[in-house]
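Since the structure comes first, as structure tokens, the remarks are kept for the end.
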Amino acid sequence: MHDSSLAPQENSLRHVTLTRLLAVSGLMGLIVLGLVWELWLAPLRPGGTLLALKVLPLCFALTGLLKNRMYTYRWLSLLIWLYFTEGVVRAWGDASPSNYFAFAEVLLCVVLFVACALHVRLRLKYAKEHPLPATVTL
């Protein structure tokens, strides 16, 4: 049901905030999943592997998302496809329970990509509709 009591700009800002929250949540989920998967639940070798370091680039991205940097949303939406590919390969190549974690990784990657893409699109649309006033110089 559509809430018509909100002004269009409030509705737009609400969607931007929602996509930001979704992106940050998806990214944090990927970081936690990567660490837990590779260190405790289903590591390639008992005791964990250095494959857990794959979450390091995601930690850098988390900093940018928390600071709400547009550039981070853009490069993260490209980087995430590497994790998606890893998830697809390991979902069909690994034995159970590792393949379940790989399916979860694929799902989180899709959610994160959609959230980043929508966030960038909505922020650019909002900025175009509401330009900043020109500064007065004396």
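What you see below is based on every heavy atom in this structure, not just the backbone, and it leaves out hydrogens, waters and symmetry mates.
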Exceeds 12 heavy-atom contacts within 6.0 angstrom, atom CG of L50:
no

Enumerate, atom names and distances included, each donor-acceptor pair closer than 3.5 Å involving a side-chain atom of residues 53-62, sequence neighbours excluded.
residue	atom	partner	partner atom	Å
K54	NZ	E38	OE2	3.2
K54	NZ	E86	OE1	3.2
K54	NZ	E86	OE2	2.8

Check against side chain to side chain contact (heavy atoms under 4.5 Å, CB included), S96 and N99
CA-CA 5 Å; S96 179; N99 63 342; 3.8 Å; yes

Within this structure, what is the [atom1]-[atom2] distance for the pair [X] and [Y], rounded to the nearest 0.5 Å?
X    : Y    : atom1 : atom2 : result
I31  : L108 : CD1   : CG    : 11.0 Å
L118 : F113 : CG    : CZ    : 9.0 Å
F103 : L107 : CZ    : CG    : 11.0 Å

Decide whether [X] and [Y] are clustered together by the hydrophobic rule: side chain heavy atoms of Ile, Leu, Val, Met, Phe, Trp, Tyr closer than 4.5 Å, transitively.
X    : Y    : result
W92  : V110 : yes
V88  : L51  : no
V120 : V111 : no
L122 : Y126 : no

Which heavy atom of [X] sits nearest a heavy atom of [Y], and at what distance?
X    : Y    : value
L30  : C109 : CD1-SG, 4.0 Å
A42  : P97  : CB-CG, 4.2 Å
C116 : L76  : SG-CD2, 4.0 Å

For the pair Y100 and W37, evaluate ring-ring contact (aromatic ring centres under 6.0 Å, His included) and give the outcome as yes or no after the intermediate values.
CA-CA 10 Å; Y100 298 129; W37 177 13; over 10 Å; no

May I ask you to test the I80-F84 pair for a side-chain heavy-atom distance under 4.5 Å?
no

With sequence neighbours excluded, tell me which residues meet ring pair (Phe, Tyr, Trp, His ring centres under 6.0 Å) with W40.
none

Could you please spell out the steps behind the side chain to side chain contact (heavy atoms under 4.5 Å, CB included) verdict for R123 and Y73?
CA-CA 11 Å; R123 269 183 65 183; Y73 285 94; 4.1 Å; yes

Distance-only criterion, 3.5 Å: show the donor-acceptor pairs between side-chain atoms of residues 16-27 and protein atoms not counting sequence neighbours.
residue	atom	partner	partner atom	Å
T17	OG1	L13	O	2.9
T19	OG1	H15	O	3.2
T19	OG1	V16	O	2.8
T19	OG1	H119	ND1	3.0
R20	NE	L65	O	3.4
R20	NH2	L65	O	3.3
R20	NH2	L66	O	2.7
S25	OG	L21	O	2.8

Would you say W81's side chain and S77's backbone share a donor-acceptor pair under 3.5 angstrom?
yes

